[in-house]
Peer 1: 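Below you'll find the structure I mean.
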Amino acid sequence: GGRGARVAPGRQGRWEREGLMAEVDEGLLEQGHACRIAGDYDEAKECYSRLLEGCQDAAEVWWGFGLTIMNMGDFAEASECLKKAAEMEPESQHYLLDLAKHYAMLGMDGEAKVAFEAVVALDAASREGAEATTQLTYY
């Protein structure tokens, strides 16, 4: 099934190049993603919280934590986490798209439109760019 969706596209290998692997427990990160995808949000939240205690500058951890707490109903805090991930890696269409969709879900149309436009500006031809282009037809 969905093994490819467990880690944000483009993340694998990047940490090794930038020397961040020592700061992030990859096994715990994978466990957090797996729990989130399986709907075990309490366990996923625990994994991401433990990761954040040791490393505050890994966008993927903030992204996973944001998606997890969004699914638990903590929309305000989720917005902050998803925004932080997108700001930490502004070239990541994946993080920007998830932030845009979160804003759209909350009825924050102005913020959603800006984020969808940013996704398209990065690469309109990508999967994320195409999805953002479709979303922009609603604004």
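From a predicted model like this one, the values you see are computed outputs, not experimental measurements.
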Peer 1: Between R36 and A44, which heavy-atom pair has the shortest distance, and what is it?
Peer 2: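 In this case the closest contact between R36 and A44 is N-CB, 3.6 Å.
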Peer 1: Applying side-chain hydrogen bond (donor to acceptor under 3.5 Å, both in side chains), which residue pairs with at least one partner in residues 108-125 are found, sequence neighbours left out?
Peer 2: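 For residues 108-125: K113-E117.
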Peer 1: Which residue pairs pass the side-chain hydrogen bond (donor to acceptor under 3.5 Å, both in side chains) test with at least one member in residues 70-88, sequence neighbours excluded?
Peer 2: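 Those involving residues 70-88 are S79-H102.
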Peer 1: Shared ILVMFWY cluster between Y95 and L67, side chains joined below 4.5 angstrom?
Peer 2: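 Yes, Y95 and L67 fall within the same hydrophobic cluster.
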Peer 1: Would C81 and I69 count as a side chain to side chain contact (heavy atoms under 4.5 Å, CB included) here? Give the steps.
Peer 2: CA-CA 9 Å; C81 294; I69 62 177; 4.1 Å; yes
Peer 1: Same cluster or not: are Y48 and W62 linked, directly or through other Ile, Leu, Val, Met, Phe, Trp or Tyr residues, by side-chain heavy atoms under 4.5 angstrom apart?
Peer 2: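 Cluster IDs for Y48 and W62 match.
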Peer 1: Indicate the atoms forming the closest heavy-atom contact of A59 with A85, along with that distance.
Peer 2: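 Taking every non-hydrogen atom into account, O-CB, 3.4 Å.
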Peer 1: Who are the side-chain contact (heavy atoms from CB on, under 4.5 Å) partners of L122, not counting sequence neighbours?
Peer 2: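 Testing L122 for side-chain contact (heavy atoms from CB on, under 4.5 Å), a comparison that skips the adjacent residues, returns Q93, L96.
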Peer 1: Output yes when a side-chain donor or acceptor of W63 lies under 3.5 Å from a complementary backbone atom of A86, and no otherwise.
Peer 2: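 No, because the side chain of W63 does not come within donor-acceptor range (under 3.5 Å) of the backbone of A86.
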Peer 1: Taking all atoms of both residues into account, what is the closest heavy-atom pair of A78 and G66, and its distance?
Peer 2: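 Answer, listing the atom of A78 first, then G66: CB-O, 3.3 Å.
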Peer 1: How many angstroms lie between CD in E46 and OG1 in T68, if you round to the nearest 0.5 Å?
Peer 2: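 Answer rounded to 0.5 Å: 12.0 Å.
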Peer 1: List the atom of L82, the atom of D98, and the distance in Å for their closest heavy-atom pair.
Peer 2: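 Nearest pair, atom of L82 first, then D98: CD1-O, 4.3 Å.
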Peer 1: So if you build clusters from Ile, Leu, Val, Met, Phe, Trp, Tyr with side-chain heavy-atom gaps below 4.5 Å, do V119 and V114 land together?
Peer 2: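 Different hydrophobic clusters.
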Peer 1: In terms of hydrophobic clustering (I, L, V, M, F, W, Y; side-chain heavy atoms under 4.5 Å; direct or indirect links), are L97 and L106 co-clustered?
Peer 2: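 Cluster IDs for L97 and L106 differ.
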Peer 1: Work out which heavy atom in D25 is nearest to a heavy atom in G27; give both atom names and the distance.
Peer 2: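 Nearest heavy atoms, D25 then G27: OD1-N, 3.0 Å.
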Peer 1: Can a side-chain donor-acceptor contact be found between H94 and E89 if the only test is distance below 3.5 angstrom?
Peer 2: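 Absent: no donor and acceptor within the cut-off.
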Peer 1: For F65, what residues pass the ring-ring contact (aromatic ring centres under 6.0 Å, His included) criterion, not counting sequence neighbours?
Peer 2: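 ring-ring contact (aromatic ring centres under 6.0 Å, His included) check on F65 returns nothing, list empty.
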Peer 1: For T133, give me all partners under side-chain contact (heavy atoms from CB on, under 4.5 Å), at least two apart in sequence or on another chain.
Peer 2: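 T133 satisfies side-chain contact (heavy atoms from CB on, under 4.5 Å) with V120 once adjacent residues are dropped.
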Peer 1: Membership question, hydrophobic clusters at under 4.5 Å side-chain separation (ILVMFWY): are M105 and Y138 in the same one?
Peer 2: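 Cluster IDs for Y138 and M105 differ.
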Peer 1: Residues two or more places apart in sequence or in another chain: which of them pass side-chain contact (heavy atoms from CB on, under 4.5 Å) with A100?
Peer 2: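 By the side-chain contact (heavy atoms from CB on, under 4.5 Å) rule, A100 matches A115, F116.
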Peer 1: If you measure from CE on M70 to NZ on K101, what distance do you get to the nearest 0.5 Å?
Peer 2: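 M70 CE to K101 NZ: 9.0 Å, rounded to 0.5 Å.
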Peer 1: Take atom NZ of K45 as the centre, draw a 6.0 Å sphere, and report whether it contains more than 12 heavy atoms from other residues, nucleotides or ligands.
Peer 2: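 No, NZ of K45 has 12 or fewer neighbouring heavy atoms, counting only those of other groups under 6.0 Å.
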Peer 1: Could you report the tightest heavy-atom contact between A104 and Y139, atom names first, then the distance?
Peer 2: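 A104 and Y139 have their closest heavy atoms at CB-OH, 3.3 Å.
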